[in-house]
Amino acid sequence: MDLLAVLLVLELVGVFAFALDGALTAMRSAHLDLFGVVTLGIVTAIGGGLLRDVLLGELPPASLRTWYYLATATAGALAAFWGHALLSRLSRPILLFDTAGLSLFCITGAQAALESGLGAGQAVLLGGLTAVGGGTLRDVLVRRVPTILTGGLYAVPALVGAAIAVLGSTFGGDTLAWSLLGAACCAALRIGGILRGWHAPRATLRSPDALDE
């Protein structure tokens with residue numbers, strides 16, 4: 001199996017994971033019906049990839065040009081809808097599925113950008129966008145502050161994972177090995193950000209009273 005085939009498989013796994021995440025979020029946060037659950041699952045699953053392909057000029061986007069992206073996303077959303085009782089017994093399932101989608105999409109998005117001829121910096125940015133785009137659209141649709149703007153690490157792990165994958169390709173290393181390493185680092189940072197309260201540096205603003213002293 002060549003690299004492109006492996007990356008396609010990884011992206012479809014990410015699509016399925018993000019569809020589960022979006023569907024579970026729909027049921028827990030917005031209490032949507034079956035149509036709403038499937039719609040939100042699909043948007044979460046393919047939203048980042050759509051944005052990436054539009055920016056790369058790959059029109060129509062891959063998720064609309066082939067049948068298996070939408071089929072995988074629909075299957076993930078339906079699995080969450082019909083298996084919600086079972087998934088609810090798992091420990092923090094939304095976190096696990098969101099982390100899986102984030103980690104896989106950051107590397108597949110970066111590699112897609114490189115395949116299109118973009119430079120390393122642009123590939124890292126598009127990898128991050130592919131990873132966080134679907135989750136951001138999901139949060140907006142359920143009227144929730146996007147995860148990318150709240151506590152814990154979200155965009156930073158995606159950018160780190162994409163950067164590691166790009167470095168491996170840029171310096172002639174084993175692209176698949178570096179991509180998997182990037183995905184693992186992204187997952188570790190994301191989970192650590194939630195469980196241990198890690199976050200990106202924040203600005204410390206002094207109060208007006210303190211400035212007058």
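As a basis for the values below, the full set of heavy atoms in this structure was taken, side chains included, without hydrogen atoms, waters or symmetry mates.
- Taking CG of Leu153 as the start and CZ of Arg190 as the end, the distance is 8.0 Å to the nearest 0.5 Å.
- To the nearest 0.5 Å, the span separating OG on Ser63 from CG on Leu70 amounts to 6.0 Å.
- Taken together through direct or relayed side-chain contacts under 4.5 Å among Ile, Leu, Val, Met, Phe, Trp and Tyr, Val166 and Leu176 form parts of separate hydrophobic clusters.
- Ile164 approaches Cys185 most closely through the heavy-atom pair CD1-SG, 3.6 Å.
- Minimum interatomic distance between Val124 and Ala163 (heavy atoms only, all atoms of both residues): CG2-CA, 3.7 Å.
- Once rounded to the nearest 0.5 Å, the distance linking SG of Cys186 with CD1 of Ile191 reads 9.5 Å.
- Remark: Leu104 engages Leu10, Val13 in a side-chain contact (heavy atoms from CB on, under 4.5 Å) (not counting sequence neighbours).
- Connection of Leu32 to Phe81 is established within a shared hydrophobic cluster, with ILVMFWY side chains joined at heavy-atom distances below 4.5 Å, either directly or through further cluster members.
- Annotation: salt bridge (Lys or Arg N to Asp or Glu O under 4.0 Å) contacts of Arg144 (sequence neighbours excluded): Asp139.
- Between Tyr69 and Leu8, some side-chain heavy-atom pair lies under the 4.5 Å cut-off.
- Contact between Ile107 and Ala165 at its shortest, heavy atoms only, is CG2-CB, 4.0 Å.
- Qualifying side-chain hydrogen bond (donor to acceptor under 3.5 Å, both in side chains) partners for Ser169, counting only residues two or more places apart in sequence or in other chains: Gln111.
- When all heavy atoms of Ala73 and Ala45 are compared, the pair lying nearest together is CB-CB, 3.8 Å.
- Taking CG from Leu64 and CG from Leu59, the interatomic distance works out to 10.0 Å, rounded to the nearest 0.5 Å.
- Sorted by first and then second residue, the ring pair (Phe, Tyr, Trp, His ring centres under 6.0 Å) pairs with a member in residues 38-66 form an empty list; sequence neighbours excluded.
- We find the CG-CG distance between Leu102 and Asp21 to be 10.0 Å, quoted to the nearest 0.5 Å.
- The side-chain hydrogen bond (donor to acceptor under 3.5 Å, both in side chains) analysis of residues 128-137, with sequence neighbours excluded, yields no pairs.
- Here salt bridge (Lys or Arg N to Asp or Glu O under 4.0 Å) pairs that include residues 164-183, with residues two or more places apart or in two chains, number zero.
- Among residues two or more places apart in sequence or in another chain, the side-chain contact (heavy atoms from CB on, under 4.5 Å) test is passed with Phe171 by Leu167.
- In terms of heavy atoms, Gly22 sits closest to Leu40 at O-CD2, 3.5 Å.
- Legend: side-chain hydrogen bond (donor to acceptor under 3.5 Å, both in side chains) pairs involving residues 43-58, not counting sequence neighbours, sorted by first then second residue: Glu11-Arg52.
- Listed by first and then second residue, the ring pair (Phe, Tyr, Trp, His ring centres under 6.0 Å) pairs involving residues 5-26 are Phe18-Phe105 (not counting sequence neighbours).
- You'll find the side chain of Tyr68 stays beyond 4.5 Å of the side chain of Val15, heavy atoms only.
- Other residues sharing a hydrophobic cluster with Leu56 under the 4.5 Å side-chain heavy-atom criterion for ILVMFWY residues are Leu51, Leu55, Leu118, Leu126, Leu129.
- Hydrophobic clustering, with ILVMFWY side chains joined whenever heavy atoms are under 4.5 angstrom apart, keeps Leu125 apart from Val132.
- The stretch residues 156-166 participates, sequence neighbours left out, in no salt bridge (Lys or Arg N to Asp or Glu O under 4.0 Å) pair at all.
- Note: the hydrophobic cluster containing Leu78 does not contain Phe35 (ILVMFWY, side chain heavy atoms under 4.5 Å, direct or indirect links).
- The cluster map of Ile, Leu, Val, Met, Phe, Trp and Tyr, joined by side-chain heavy atoms under 4.5 Å apart, puts Trp82 and Met27 in the same cluster.
- Atom OG1 of Thr25 sits about 11.5 Å away from atom CG of Leu141, to the nearest 0.5 Å.
- The heavy-atom pair separating Ala23 from Ala80 by the smallest distance is CB-CB, 3.5 Å.
- Under the rule for a side-chain contact (heavy atoms from CB on, under 4.5 Å), the partners of Ala17 that lie at least two apart in sequence or sit in another chain are Ala100.
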